[in-house]
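Just so we're clear, the structure is a prediction, and the values are computed from it rather than from any experiment.
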Amino acid sequence: MFAQIKQIALDSYDRIVGLVLDQIAVDGSITKAPGGGEVAGRSPVDRGKQGLKRSGMTDGYGIPLGRVLAGANRHDSPLLAPTLDRLDDLGPLPDDITVHLDAGYDSDKTRALLSERGLHGRIAHKGEKAPIQANQRWHVERTHAWQNAFYRLARCYERRATVIDTFFDLADTIIIVRSLIRQAWTTHRWDTRPRRPP
């Protein structure tokens with residue numbers, strides 16, 4: 001149900017504001033999963049406690065387009081292909097798409113995967129400081145922060161992957177609607193529009 005509502009919100013955002021699909025950002029984020037579950041694993045950044053990794057994909061503004069859930073012990077790069085498969089759900093795509101990735105994806109295998117799909121990769125290089133290479137990747141980082149603002153996602157006690165996906169779909173819907181309101185407030189003006197409170 002929430003997946004359908006998320007799709008309606010995404011279609012509305014695309015129709016009113018427009019998704020920035022020529023710039024895609026993908027990155028992984030680890031959250032705590034104290035109860036374990038189907039997609040939990042030992043977290044390498046939390047002393048081996050149970051954790052959940054999500055490989056999230058956003059457009060050029062940070063609108064969540066899709067995610068793949070896995071255990072926290074999974075590396076980001078094997079999750080890239082299933083994450084990019086979520087692009088198929090979006091319908092017609094631009095001819096020239098650039099995918100922004102961090103240094104965890106810096107490998108020949110990743111470059112081969114992107115070229116197979118006709119995508120251009122903007123991958124940070126290992127050994128260089130991240131702020132210098134941040135360019136368009138900060139959008140996905142901000143979206144992860146927005147998702148972590150929902151307590152049910154910051155510490156995931158659910159055990160079934162379908163329930164976790166449902167909570168993410170609900171959070172993504174709220175994020176998309178908030179972004180739509182924020183964008184529409186500044187781009188769509190009319191004379192009798194209510195004024196912002198001081």
- Task: Give a yes or no on whether the backbone of Arg137 and the side-chain of His100 come within a donor-acceptor separation of less than 3.5 Å.
- Result: no
Is there a donor-acceptor pair under 3.5 Å between the side chain of Asp169 and the backbone N or O of Lys6?
no
(message) Donor-acceptor pair, distance only, cut-off 3.5 Å: does the side chain of Thr110 make one with the backbone of Asp106?
(response) no
Leu114 and Ile123, any side-chain heavy atoms less than 4.5 Å apart: yes
Are more than 12 heavy atoms, taken from residues, nucleotides or ligands other than Arg111, located less than 6.0 Å from that residue's CZ atom?
yes
In sequence, state the C-alpha distance, the side-chain angles, and the governing distance for Phe168 and Leu69, and then conclude on side-chain contact (heavy atoms from CB on, under 4.5 Å).
CA-CA 10 Å; Phe168 271 106; Leu69 301 175; 4.0 Å; yes
Are Leu101 and Asp76 side-chain neighbours, meaning at least one heavy-atom pair lies under 4.5 Å? no
d(Ser29 OG, Arg67 CZ) to nearest 0.5 Å is 12.5 Å
Rounding to 0.5 Å, atoms CG (Asp172) and CD (Gln7) come to a distance of 11.5 Å
State yes or no: do Ile8 and Phe167 share one hydrophobic cluster built from I, L, V, M, F, W and Y residues joined by side-chain heavy-atom distances below 4.5 Å, directly or via other members? no
Looking only at atom types and distance, does a side-chain atom of Arg54 sit under 3.5 Å from a main-chain N or O of His144, one as donor and one as acceptor?
-> yes
### Message
Parallel, tilted or perpendicular, judged at 30° and 60°: which one describes the rings of Tyr13 and Tyr61?
### Response
parallel
* With a cut-off of 6.0 Å (strictly less than), are more than 12 heavy atoms of other residues, nucleotides or ligands near CG of Asp88? -> yes
ask   = In the single-linkage hydrophobic clustering (I, L, V, M, F, W, Y; side-chain heavy atoms under 4.5 Å), do Leu52 and Val68 co-cluster?
value = no
**OP:** Begin with the C-alpha distance, continue with both residues' side-chain angles, and end with the deciding distance and a verdict on side-chain contact (heavy atoms from CB on, under 4.5 Å) for Leu65 and Leu21.
**Re:** CA-CA 10 Å; Leu65 301 176; Leu21 293 176; 3.9 Å; yes
For Asp85, the salt bridge (charged side-chain N to carboxylate O under 4.0 Å, His left out) test, sequence neighbours excluded, returns Arg117
Inset, instruction - May I ask you to test the Pro64-Ile176 pair for a side-chain heavy-atom distance under 4.5 Å? - result: yes
TODO: Verify, without hydrogens or angle tests, whether Asp22 (side chain) and Asp96 (backbone) share a donor-acceptor contact under 3.5 angstrom.
DONE: no
Next item on the list: Flag the pair Lys109 / Ser77 as yes when at least one side-chain heavy-atom distance between them is below 4.5 Å, and no otherwise.
Entry: no
So for atom CZ, which belongs to Arg160, do other residues, nucleotides or ligands contribute more than 12 heavy atoms lying within a distance under 6.0 Å? no
message: Starting from Ile174, can I reach Val163 by hopping between I/L/V/M/F/W/Y residues whose side chains sit under 4.5 Å apart?
response: yes
Notebook entry, point to check: Under a single-linkage definition using a 4.5 Å side-chain heavy-atom cutoff for Ile, Leu, Val, Met, Phe, Trp and Tyr, are Ile175 and Leu153 assigned to the same hydrophobic cluster?
Noted result: yes
dist Arg74:CZ -> Leu79:CG (nearest 0.5 Å) comes out at 5.0 Å
One should read off an interatomic distance between Leu113 CG and Asp108 CG, to the nearest 0.5 angstrom, of 12.5 Å
| query | Among the clusters formed by ILVMFWY side chains lying less than 4.5 Å apart, do Val20 and Val17 turn up in the same one? | reply | no
Under the 3.5 angstrom rule, does the side chain of Glu38 hit a backbone N or O of Ala161 as a donor-acceptor pair?
yes
ask   = Hey, are the side chains of Lys32 and Gln50 touching, using non-hydrogen atoms and a 4.5 Å cut-off?
value = no
Within the structure provided, determine whether Leu19 and Leu10 are in side-chain contact (heavy-atom separation under 4.5 Å). yes
Is any side-chain heavy atom of Val99 closer than 4.5 Å to a side-chain heavy atom of Tyr105?
no
CG of Leu90 to CD1 of Ile24, rounded to nearest 0.5 Å, is 7.5 Å
